[in-house]
Amino acid sequence: MTLNFSAIEAKWRTAWYNAKINESEPRPGEKKFFMIFAYPGVTGYLHVGHMRGYTFSDAVVRYKLMTGHNVLFPVGTHATGNGAISFARKVERQDESVIEILRANGCPEGTMSRLSDPLEVVRFFNNVYVNDYWKRFGFMSDWRRFTCTINPDYSRFIEWQMRKLKSEGLLIQKPYFAAACIEHGPVAVDASETDISKGGNAEVLEYVLLKFDLEDGRKLVAATLRPETVFGLTNFWVNPEVEYVDVRVGEEIWVVSKQAAEKLKLQKDDMEVKGSANGAELIGRRCRAPFTGKMLAIFPSLLCDPNVGTGLVMSVPSDAPVDWIGLVELERDKTSRGKYGITDKMLQDSQPVPIIKTPGWGPLPAVEITEKMGITSLSDPKLEDATKEIYKSGFHKGVMNEACGDFAGQPVERAKEAMREEMLSSGQADLLYDLSEEVLCRCGNRVLIKKIPDQWFIDYANPALTERSKEQALTMKILPREYYENIQGVLEWYRERACVRLGNWLGTRFPFDQKWIIEAIADSTLYPVYYVISRYANEGLITAERMDEGFFDYVLLGRGDLEAVAKATGFSREVLDRVRAEFEYWYPLDINLGGKEHMTVHFPVFLMNHVAVLRPQHWPRGIIVNWYITATGGKISKSKGGAQPIPDAAERFGVDAMRLFYAHIASLYVDVAWEDEKVEGYRDRLERLWNLASELSAIDTDAVTEVDAWLAARMQTRLVRLHKFMAEYDLRSYANDVYFEIPQDMRWYLRRGGKNKMAISKALETWVPLMVPATPHIAEELWERMGKAPFVSTAQLEQGSITDSVLIAEAKEKLVERLMADVSEILKVTEMRPTRTTIMTAPAWKQDMFQDALADPKSRPDVSALIKSAMARHQSPELKKEIPAFAKEIAAEVAKMSPEDRQVLGARVSERETLSGAKEFLEAEFGCRVDVFSADDPARTDPKGKARFARPGRPAVFIE
RNA sequence: GCGAGGGUAGCCAAGCAAGGUCAAAGGCGACAGACUCAAGAUCUGUUCCCGCAGGGGUCCUCCGGUUCGAAUCCGGACCCUCGCACCA
């Protein structure tokens, strides 16, 4: 029969939500479990990959619910930033790809036009996320608590958070250099290119500006990334075709390209353009280098790009292939030399000077590499590779040589920093921030780096905060284990982070200066707290306008006086105390789960904000990081739309099949490629389990067999294992046992001739509830078919216990399985068709000795002690030779066993009795007569003398 | 570049922190058998090599080391993925 998953899912999610079993109320005295997943940013449709982490969270929550916890699992969305704005803009200009995505996801045409409004975008997607994704997947989430970061009440909370950070001294102000469009203000430069139309991969570079004195008092300003190479300067490059300008910066007159002047204007407070400067006129003159004071000739070079740096370049031919080839070309170019009056003497004075010792290279790497690569002209494209190669090895492995004064012997990396500092403080250098490639705003203007003099930061570098956060992290459950260790380093490394920004963004106004909007990472760190409040705001019991500082202080920090707060806010005392009690009940947060992209962004600041603002008993208890589900060809891209809409996938594969896929396909801590066939495989698996359960339920006999006890025992063993897995949030191992191992146990039971109605229904009652975390809908349906009252979702899982009788039952069955494996091995090799099988279990003396060995507390049993006691027990002369040999063997074997195995095997079972009991089964399996003897039974048939091979746990076998 | 993670049998994927119980779970695929008129589904078995008695050999990217013993620990090489801060 084919199951109608879709109907089953709809039936049960409706039933759950009608019965409100997903709603969370504090129940004082009862254990609580509070988990969230990092809420998604509202930037468009999500894809099937996103559901992995969410589903994992729901599975954990459901498991906790079934193991004695009162759970809280709220959800929300994060709309701060420019995601919704950029989406709305695309709709507005009828961007084809966006319209296409909307259509593909079934967005009605009428709704589409509304989505040119960012707030409508947020509203629309909030609805999609909650209804089409999370409810559709049957999450045990308390929908009453939904919140979104641009809700007015949420904003009050964020304002409060900022006030607390400020009063803790954690908000600081200092200049900052940010990418900005002249028209539109700050823009985001990132690969998704939401704000920009070109240059998403650009990086912000910090150039050191070096000032070269001209005789007329002006300064030629060269921009460099390698200030330490001033020791190797030989000349200066000016492009005769570029338009330069004189600018006044403070007291000084600088010469830079016109384009560079524009950049400087955005970054220097006291600066003005004086007039144009003639580049060609400078060529042939001389300038004095900073730091060394060396006089340098000025040569022409058409390679100086007015858009890069200052459009003026200093020349270090020892280590810059471009500079070296520039000189080589100039030497050849008699015309230019004549035109600019460049003499042989000037060229001779510009010979490369070795300054850096780099392993694998001679004193003049630039000369060496151009020769090796056969580069002789500035137009050779290989020049770029050569430059990269020399830069890389010189910078990372090089050491300054004896020509470098005080810096001789220092690694280049260190010398660079030291010289930068020294020249900056002595006024010989300055800084210029620039983008590594051209970036264009959506409006078409060029994006430049602009100084923001009064930028606010959260001071995550604060030593006390860092220290307390690190200590807290040590006490937390953080998975995977690698991240538990790494987060220490991440917290240490965290610096101040800009927490507000200018421009057109969604978010909360900064309470200390309304021109700023609070930035997206800053307003999403403390928010799990808000889920205990949002519910009251959503129900209208408290209102945004009146949620003041005193209100939050009272409910979250336990500060202030109830009467005063009630009076100031107008909220009822009863509500105020309910909110406060609810916070005290649910907090701290037990688990925050989020994707791996959060490891160096959200998680550390999430922790630090809690530590900074809340009392220690409310600091977080756990973090789980999930890796991604990717498309077969690479990452499923959020900005480019999901591979298939989530509701479509749910319809096609079934929610439970998808949930099982997420749970079982791999550990949470590896990336997995989404493949339709795999999800279909899980759907088929669920159908098979359904059929198996039906087949078992249909059995209606009371016949008692020895496997009944085994089945009961095996379920106990499984339960204990399963709870151990979930203690580590190892949902994958859990699912493996529930969906693959337990069905295997059930089939084995049937194959062994089990058919006891009571035993079966007992096992099903254990098994079906175990399916709830991963596949709740199908579990409910099975539960109902079994005649149980709803809901299995709220049932409690058995704990399971491993008693002696469990051990014995397991050991017996293991014996049978082991024997079957041996027999089939023999049959396979010999290709016999058996007519009779004789099984000879180990003789009493071997069994006794085996038990002695297991009982020995030493990890390696004492061979001579084994021999002694065996000799004392068994006097027969023919054993005299066998005992020592076997003692040695058995001691070695036992030495290798785990304590668990020893325990199992120590549960002494009569092998002959056990196998005799399974005789009928074995005869059916082997298709021949089976006789079971003890090896020391004279009645046995053993013409080939196999009996002596009998060992405890592995009887001898003779097949004819 | 800096920081982090990874490379396991035809494929996917456990194992690796606490070395021995690992020829290495589980799934998929393939092959064989049962069932069936047949196909599919299902169930059972096999799926590195050798072996007519339950055994042996060679394996966990490559090279080297530690150890009685290494998929697991250490060093090196090659390859892949992710994060690097105002996109969230």
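Here is how names work: the chains are called A, B, and so on, in the same order as the sequence lines, proteins then strands, and each is numbered from 1.
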Pick the [atom1] atom in [N] and in [M], then give their distance to the nearest Å.
{"N": "rC50(B)", "M": "rC59(B)", "atom1": "C1'", "answer": "15 Å"}
{"N": "rG3(B)", "M": "rA85(B)", "atom1": "C1'", "answer": "13 Å"}
{"N": "rA18(B)", "M": "rA77(B)", "atom1": "C1'", "answer": "29 Å"}
{"N": "rA30(B)", "M": "rU81(B)", "atom1": "P", "answer": "31 Å"}
{"N": "rA41(B)", "M": "rU36(B)", "atom1": "C1'", "answer": "11 Å"}
{"N": "rU66(B)", "M": "rG54(B)", "atom1": "P", "answer": "36 Å"}
{"N": "rG29(B)", "M": "rA17(B)", "atom1": "C1'", "answer": "34 Å"}
{"N": "rA70(B)", "M": "rU61(B)", "atom1": "P", "answer": "15 Å"}

Would you mind reading off the distance between [X] atom [atom1] and [N] atom [atom2], rounded to a whole angstrom?
{"X": "Glu203(A)", "N": "rA85(B)", "atom1": "CD", "atom2": "C1'", "result": "13 Å"}
{"X": "Ile458(A)", "N": "rA85(B)", "atom1": "CD1", "atom2": "C1'", "result": "12 Å"}
{"X": "Ile665(A)", "N": "rA14(B)", "atom1": "CD1", "atom2": "P", "result": "9 Å"}
{"X": "Arg501(A)", "N": "rA85(B)", "atom1": "CZ", "atom2": "P", "result": "14 Å"}
{"X": "Phe926(A)", "N": "rG45(B)", "atom1": "CZ", "atom2": "C1'", "result": "14 Å"}
{"X": "Lys596(A)", "N": "rC84(B)", "atom1": "NZ", "atom2": "P", "result": "12 Å"}
{"X": "Leu692(A)", "N": "rU42(B)", "atom1": "CG", "atom2": "P", "result": "12 Å"}
{"X": "Asn626(A)", "N": "rG83(B)", "atom1": "CG", "atom2": "P", "result": "14 Å"}

Paired with [N]: which nucleotide, if any, by Watson-Crick or G-U wobble criteria at under 3.5 Å for both distances?
{"N": "rA17(B)", "answer": "none"}
{"N": "rC52(B)", "answer": "none"}
{"N": "rU58(B)", "answer": "none"}
{"N": "rG29(B)", "answer": "rU47(B)"}
{"N": "rG5(B)", "answer": "rC80(B)"}
{"N": "rU42(B)", "answer": "rA34(B)"}
{"N": "rG75(B)", "answer": "rC63(B)"}

Taking only N and O in the side chain of [X], is any of them less than 4.0 Å away from OP1 or OP2 of [N]?
{"X": "Ser667(A)", "N": "rA14(B)", "value": "yes"}
{"X": "Arg954(A)", "N": "rG55(B)", "value": "yes"}
{"X": "Arg688(A)", "N": "rU42(B)", "value": "yes"}
{"X": "Arg751(A)", "N": "rG45(B)", "value": "yes"}

Arg721(A) and Glu741(A) ion-paired at < 4.0 Å: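 No, Arg721(A) and Glu741(A) are not salt-bridged.
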
Do the side chains of Asp737(A) and Lys724(A) get close enough for a salt bridge, i.e. N-O under 4.0 angstrom?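 No salt bridge links Asp737(A) with Lys724(A).
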
Can you tell which of [options] lies closest to the side chain of [X]?
{"X": "Arg747(A)", "options": "rA88(B), rG27(B), rU44(B)", "value": "rU44(B)"}
{"X": "Lys678(A)", "options": "rA88(B), rG26(B), rC12(B)", "value": "rC12(B)"}
{"X": "Ala666(A)", "options": "rA13(B), rC52(B), rG55(B)", "value": "rA13(B)"}
{"X": "Glu741(A)", "options": "rG83(B), rC12(B), rA25(B)", "value": "rA25(B)"}
{"X": "Arg732(A)", "options": "rA53(B), rG54(B), rA25(B)", "value": "rA25(B)"}
{"X": "Thr830(A)", "options": "rA88(B), rC28(B), rA53(B)", "value": "rA53(B)"}
{"X": "Gln744(A)", "options": "rU44(B), rA53(B), rA85(B)", "value": "rU44(B)"}

Are Tyr669(A) and Tyr483(A) an aromatic pair by the rule of ring centers under 6.0 Å?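 No, the ring of Tyr669(A) stays outside the 6.0 Å limit from the ring of Tyr483(A), centre to centre.
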
rG26(B) base / Asn736(A) side chain donor-acceptor hit below 3.5 Å: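 Counting by modelled atom types and ignoring angles, no donor-acceptor contact under 3.5 Å is found here.
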
Is the Phe603(A) ring parallel, tilted or perpendicular to the Phe606(A) ring (thresholds 30°, 60°)?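 It falls in the perpendicular class, over 60°.
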
Using 30° and 60° as the class limits, which term best fits the ring planes of Trp674(A) and Phe661(A): parallel, tilted or perpendicular?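 Trp674(A) vs Phe661(A) ring planes: perpendicular.
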
Can you measure from [atom1] ([X]) to [atom2] ([Y]) and round to the nearest 0.5 angstrom?
{"X": "Leu668(A)", "Y": "Leu479(A)", "atom1": "CG", "atom2": "CG", "result": "9.0 Å"}
{"X": "Ile839(A)", "Y": "Leu815(A)", "atom1": "CD1", "atom2": "CG", "result": "9.0 Å"}
{"X": "Asp684(A)", "Y": "Glu677(A)", "atom1": "CG", "atom2": "CD", "result": "11.5 Å"}

With a 4.0 Å cut-off on heavy atoms, is [X] in touch with a base, just the backbone sugar-phosphate, or nothing at all?
{"X": "Lys828(A)", "value": "base"}
{"X": "Pro955(A)", "value": "base"}
{"X": "Thr80(A)", "value": "sugar-phosphate"}
{"X": "Phe949(A)", "value": "base"}
{"X": "Gly681(A)", "value": "nothing"}
{"X": "Val490(A)", "value": "nothing"}
{"X": "Ala821(A)", "value": "nothing"}

Would you check if Trp516(A) and Leu502(A) make a side-chain contact, meaning some heavy-atom pair closer than 4.5 Å?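 Yes, close enough: below the 4.5 Å cut-off.
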
Side chain to side chain, Met599(A) and Asn486(A), heavy atoms closer than 4.5 Å: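 No, side chains not in contact.
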
Distance-only polar pair, side chains of Tyr460(A) and Asn609(A), donor-acceptor under 3.5 Å: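 Note: Tyr460(A) and Asn609(A) side chains meet the donor-acceptor criterion.
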
Partner of His78(A) by side chain to side chain donor-acceptor pair (under 3.5 Å), out of Thr147(A), Asp523(A), Thr149(A):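 That would be Asp523(A).
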
Taking the nucleotide of RNA chain B with the nearest heavy atom to each, does Phe958(A) or Asp730(A) sit closer to the 5' end?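 Result of the comparison: Asp730(A).
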
Quick check: on RNA chain B, is the nucleotide nearest Tyr494(A) upstream (toward 5') of the one nearest His78(A), or the reverse? Name the residue that is more 5'.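 Its nearest nucleotide being more 5', the pick is Tyr494(A).
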
Mark up nucleotides 2-7 of chain B, 5' to 3', with B wherever a protein heavy atom is under 4.0 angstrom from a base atom, S wherever such an atom reaches only the sugar-phosphate, and - elsewhere. --SSS-

